[in-house]
Amino acid sequence: MTELSLRAAQQVLDSQPFSSLVGARLTGFGDGAATLEVGVRDELRQQNGFLHGGVLAYAADNALTFAAGTTLGAAVLTGGFSIQYIRPATGRTLSARAVVVHTARRQAVARCDLYTVDDEGTETLCAVAQGTVLSARPA
């Protein structure tokens, strides 16, 4: 995705039916980083009223992959990632901020911090993730 702008990257995200269902949007993209945001709504909560862990994992996965795509190129796939939930996610917006920490010829390693933002704009760290993203272009 090195050749893509934020607008073009958003179009790629919009082409993913699940991303549209969740209502994800890219608010940052380029130079080894990406920020993906999701508005919190009732359909995305679990039984205790917190944002579902699967939504956090989705956001981390896509943010990691888009960040790595800025260094590897447009054809990328998640090789694997882990996520650590720190505290229940509450607030009005989830913000997943990923940065590439290492890029090799065919793979990149990235980390992602996930924050919730409340109505006053206060950010609270709720999870951290790290993953490997693989180039899917032919060798």
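When only modelled atom types and interatomic distance are considered, Ser135 and Arg137 share a side-chain donor-acceptor pair under 3.5 Å.
Put simply, Leu6 and Val12 are part of the same group of oily side chains (I, L, V, M, F, W, Y) that touch within less than 4.5 Å, one to the next. Both Phe29 and Tyr58 belong to a common hydrophobic cluster when Ile, Leu, Val, Met, Phe, Trp and Tyr are linked at side-chain heavy-atom distances under 4.5 angstrom. In this structure, Val40 is a member of the same hydrophobic cluster as Leu26, with clusters built from ILVMFWY side-chain heavy atoms closer than 4.5 Å.
Counting non-hydrogen atoms of other residues, nucleotides and ligands closer than 6.0 Å to CG of Asp31 gives a total of 12 or fewer.
Considering every non-hydrogen atom in both Phe66 and Ala9, the closest pair reads CE2-O, 3.6 Å. Val22 and Leu44 make their closest contact through O-CD1, 4.0 Å (heavy atoms, listed as atom of the first residue, atom of the second, distance). The two atoms that bring Ala96 and Ala60 nearest to each other are CB-N, 4.4 Å, heavy atoms only.
With Gln16 contributing its side chain and Phe18 its backbone, the two residues share no donor-acceptor pair below 3.5 Å. The backbone N or O of Phe50 sits nowhere less than 3.5 Å from a side-chain atom of Arg45 that would complete a donor-acceptor pair. Under a 3.5 Å cut-off, the side chain of Thr70 and the backbone N or O of Gly32 do form a donor-acceptor pair. Between the side chain of Thr116 and the main chain of Thr90, a donor-acceptor pair closer than 3.5 Å is present. A donor-acceptor pair is defined here as one N or O able to donate and one able to accept, closer than 3.5 Å; no such pair exists between the side chain of Ser19 and the backbone of Asp14.
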Please list, one pair per line, the donor and acceptor atoms closer than 3.5 Å that link side chains of residues 120-134 to other protein atoms, with sequence neighbours excluded.
| from | atom 1 | to | atom 2 | distance (Å) |
| --- | --- | --- | --- | --- |
| Glu123 | OE1 | Arg97 | NH1 | 3.3 |
| Glu123 | OE1 | Arg97 | NH2 | 3.4 |
| Glu123 | OE2 | Arg97 | NH2 | 2.4 |

Assess the residue pair Leu36 and Leu13 against the criterion (side chain to side chain contact (heavy atoms under 4.5 Å, CB included)); give the C-alpha distance rounded to whole Å, side-chain angles, the decisive distance to 0.1 Å, and a yes or no. CA-CA 10 Å; Leu36 184 137; Leu13 184 69; 4.0 Å; yes
Do Leu114 and Ile83 pass the side chain to side chain contact (heavy atoms under 4.5 Å, CB included) test, and can you show the C-alpha distance, the side-chain angles, and the key distance before you say yes or no? CA-CA 10 Å; Leu114 294 101; Ile83 186 166; 4.3 Å; yes
